[in-house]
Each structure stands twice: as C-alpha cells, then as structure tokens.
> 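Sharing a structure with you now.
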Amino acid sequence: MTQAQLLSMASVVNAASESIYEAMKYIYSVAYEDFYDINVKDIFKIALSNITDPGVLNNLGYKIYPERIGDLRNSEFAVVKKIIAYSFAVRLPFLKRYLPAKNIIFTDNEIRDLFQAICDSGAQNVDGIVPMDFRANMRTAKLRDVEEPVFDTEWFKTWVYTYGKEFSVINNKNMFFLGCADALFPLYWSAVTDRLLAMIKEL
C-alpha cells in the first residue's frame, strides 16, 4: 500500500468524524426547536448518504444557529472530533475479518501504518477516554471465536458530562441528543467500514 493510498483512507476516517460532528449539530438544533415534532431519520439518512462530506446536511435547507447547538458551538469542545476519529482508528484491526482468509492486500503492518496515519493527521485519545486499545484489538481480531465488540459510546457520554456545560444538564434535549449519539456512532462506523473495505479491495 502506497503512502498516498494510506492517506486517502485516513482522510475517510477524519472526514467521517467531521461529518458526525456536523450531524450532531443538526440533531441538537432540531431538538432545541421542537423536541416533540422532529424526523431525525432524515438527518441520519442524509448524513449517512455521504459520510465524507460534512456539508451534506446543508441539503436539509435548515439553518444552524450557534445559540441552538449547545456546547457544540464552543471551539474547545471540537476536540471531540479527534476522539471520534481515534474511536474509529482503534477498531481498524477488525476490518480484516471482512476480507478473504488468505488476504494479502491488507497486512498487519499496513493496518498499523493506517492507524498511525490517522493519528498523525489528528486523531487522538484525549485523556485516554476511549477504553479500547489498538494492540489488544490486533490480538482479538485474530480470534475468530470472539465477536467484534459493539461500538460503545460511553466514552462520549463521559466526555459530555465531564467537559460539557449545557450538555451535562439532565433534560429532554440532552437525553435525546445522547440517545441519537448511541445510534449514530455505530452506523457511521459501519459506513466507514464499507468505504474502507471497498478501497482495500481496489488496491
């Protein structure tokens, strides 16, 4: 795998992290406006239609106002995008499970190189908040009788309650927001998996 190919794959992960962040803005903004009368499925559907385009939700024709997106309007909270990218990168070893058993196009070394490329381009496990470990996942992924762990968003909730101001308050909007994050993160990881596997198979 060339350096250009590694960087192209790393850009998918980083762009998806940006896209999730934008999707969360729309989700919180819509909940802010009318918690009991929303169709969040439209946000999910459009966001997931192109996970590498953070601006795809502009197609909703819905304007985002800073005062309606809670802590997401604060530049210091945007560091969570680095953690989202890391939460994807740390799961890379499991991609090999979806490739032929005698795969020769995505080796362990290339997985490590891709993980490093994603980290070099900004992904970071700030405060060690994501509990998964890349090396441990490399070992686990080789155990065919052990399933890939469910995408756990507890780290995001911990981040919200530790560093959030508006988000840490228990109310309808915030509970709805966190519930959507529970659903959105695994869906994005599934879409990222599909995109990366397609790129690997084209090598």
Side-chain angles (χ1 to χ4, degrees), residues 4-66 68-73 77-92 94-95 97-99 106 114 117-118 121-123 130 148-153 155-157 160 167 173-203:
Q5 289 168 330
L6 280 174
L7 293 177
S8 179
M9 294 175 73
S11 71
V12 168
V13 173
N14 288 316
S17 304
E18 291 274 353
S19 181
I20 283 183
Y21 199 74
E22 291 304 308
M24 289 193 295
K25 288 180 183 179
Y26 278 87
I27 289 168
Y28 198 79
S29 181
V30 172
Y32 182 98
E33 183 172 310
D34 192 344
F35 178 79
Y36 293 104
D37 185 25
I38 68 171
N39 190 350
V40 75
K41 288 189 294 185
D42 288 341
I43 297 175
F44 277 48
K45 182 178 179 180
I46 294 172
L48 290 164
S49 70
N50 189 350
I51 60 168
T52 58
D53 180 8
V56 72
L57 282 164
N58 292 335
N59 294 327
L60 281 171
Y62 184 88
K63 185 174 176 58
I64 294 291
Y65 296 96
R68 293 184 177 181
I69 57 174
D71 294 316
L72 292 170
R73 68 175 173 268
F77 201 81
V79 72
V80 77
K81 287 185 283 189
K82 297 182 177 182
I83 311 175
I84 295 170
Y86 183 88
S87 74
F88 289 154
V90 78
R91 303 179 74 91
L92 290 173
F94 295 103
L95 290 180
R97 291 190 170 185
Y98 304 99
L99 294 168
F106 196 47
L114 179 55
I118 295 169
S121 59
V130 177
E148 177 181 349
V150 173
F151 200 110
D152 190 348
T153 57
W155 69 263
F156 181 70
K157 294 174 186 174
V160 162
F167 289 165
K173 291 194 301 288
N174 290 340
M175 293 300 99
F176 176 80
F177 173 73
L178 292 175
C180 284
D182 277 341
L184 197 62
F185 280 58
L187 288 171
Y188 260 86
W189 169 242
S190 178
V192 167
T193 296
D194 291 343
R195 180 69 66 89
L196 293 179
L197 288 173
M199 295 174 76
I200 292 167
K201 290 172 183 177
E202 291 176 358
L203 295 177

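Quick caveat, the model's predicted, so the values are computed rather than measured.
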> Quick check: closest heavy atoms across Ala89 and Ile118, and the distance to 0.1 Å?
CB-CG2, 3.8 Å

> Between the main-chain N or O of Val56 and the side-chain N or O of Asn59, is there a donor-acceptor pair closer than 3.5 Å?
yes

> Specify the closest pair of heavy atoms between Ala10 and Ser121, including all atoms of both residues, with the distance to one decimal.
CB-OG, 4.5 Å

> Working to the nearest 0.5 Å, report the span between CD1 of Ile46 and CG of Asp53.
11.5 Å

> Run Thr52 and Asn50 through side chain to side chain contact (heavy atoms under 4.5 Å, CB included) and show every step you take.
CA-CA 6 Å; Thr52 58; Asn50 189 350; 3.0 Å; yes

> Under the side chain to side chain contact (heavy atoms under 4.5 Å, CB included) rule, what do Asp42 and Tyr62 come out as? Steps first, then yes or no, please.
CA-CA 12 Å; Asp42 288 341; Tyr62 184 88; over 6 Å; no

> Could you please spell out the steps behind the side chain to side chain contact (heavy atoms under 4.5 Å, CB included) verdict for Phe185 and Met24?
CA-CA 10 Å; Phe185 280 58; Met24 289 193 295; 4.1 Å; yes

> Hey, does the side chain of Ser8 reach the backbone of Gln5 with a donor-acceptor pair shorter than 3.5 angstrom?
no

> Which heavy atom in Leu197 sits nearest to a heavy atom in Leu95, and how many Å separate them?
CD2-O, 3.7 Å

> Starting from the C-alpha separation in whole Å, work towards a yes-or-no answer on side chain to side chain contact (heavy atoms under 4.5 Å, CB included) for Val40 and Val30.
CA-CA 8 Å; Val40 75; Val30 172; over 6 Å; no

> Among Asn58, Ile64, Leu57, which one satisfies side chain to side chain contact (heavy atoms under 4.5 Å, CB included) with Leu60?
Leu57

> Under 3.5 Å, is there a donor-acceptor pair between the Tyr188 and Ser19 side chains?
yes

> Suppose we screen for side-chain contact (heavy atoms from CB on, under 4.5 Å). Which residues come up paired with Leu178, at least two apart in sequence or across chains?
Phe156, Lys157, Val160, Tyr161, Met175

> Find the distance between CG (Leu6) and CE (Met199) and round it off to the nearest 0.5 Å.
10.0 Å

> For residues Phe44 and Ala183, report the shortest heavy-atom separation together with the two atoms involved.
CE2-CB, 3.8 Å

> Measure the spacing between CD of Glu18 and OH of Tyr21 and express it to the nearest 0.5 Å.
9.5 Å

> Is there a donor-acceptor pair closer than 3.5 Å between any side-chain N or O of Arg73 and the backbone N or O of Tyr65?
no

> Got a sec, which residues hit side chain to side chain donor-acceptor pair (under 3.5 Å) with Asn174, two or more places apart in sequence or on another chain?
Tyr28, Asn171

> With sequence neighbours left out, what residues match Phe88 under ring-ring contact (aromatic ring centres under 6.0 Å, His included)?
Phe151, Trp189

> Would you find a donor on one side and an acceptor on the other, under 3.5 Å apart, between the side chain of Ser87 and the backbone of Ile84?
yes

> By side-chain contact (heavy atoms from CB on, under 4.5 Å), which residues pair with Ala85, not counting sequence neighbours?
Val13, Asn14, Ser17, Ala123

> Of all the heavy-atom pairs spanning Phe167 and Ile69, show the shortest one and how long it is.
CZ-O, 3.6 Å

> Atom CG of Leu184 and atom CD1 of Ile43: how far apart are they, to the nearest 0.5 Å?
9.5 Å

> So do Tyr26 and Leu72 actually touch side chain to side chain, heavy atoms under 4.5 Å?
no

> Atom OH of Tyr86 and atom CZ of Arg91: how far apart are they, to the nearest 0.5 Å?
12.5 Å

> Is the backbone N or O of Leu187 less than 3.5 Å from a side-chain atom of Ser190, with the two atoms forming a donor-acceptor pair by type?
no

> In chain order, what residues pass the side chain to side chain donor-acceptor pair (under 3.5 Å) check against Lys25, with sequence neighbours excluded?
Glu22

> Please enumerate all residues that pass salt bridge (charged side-chain N to carboxylate O under 4.0 Å, His left out) together with Arg195, with sequence neighbours excluded.
none

> Ignoring hydrogens, what is the shortest heavy-atom contact between Phe77 and Asp71? Give both atom names and the distance.
CB-O, 3.3 Å

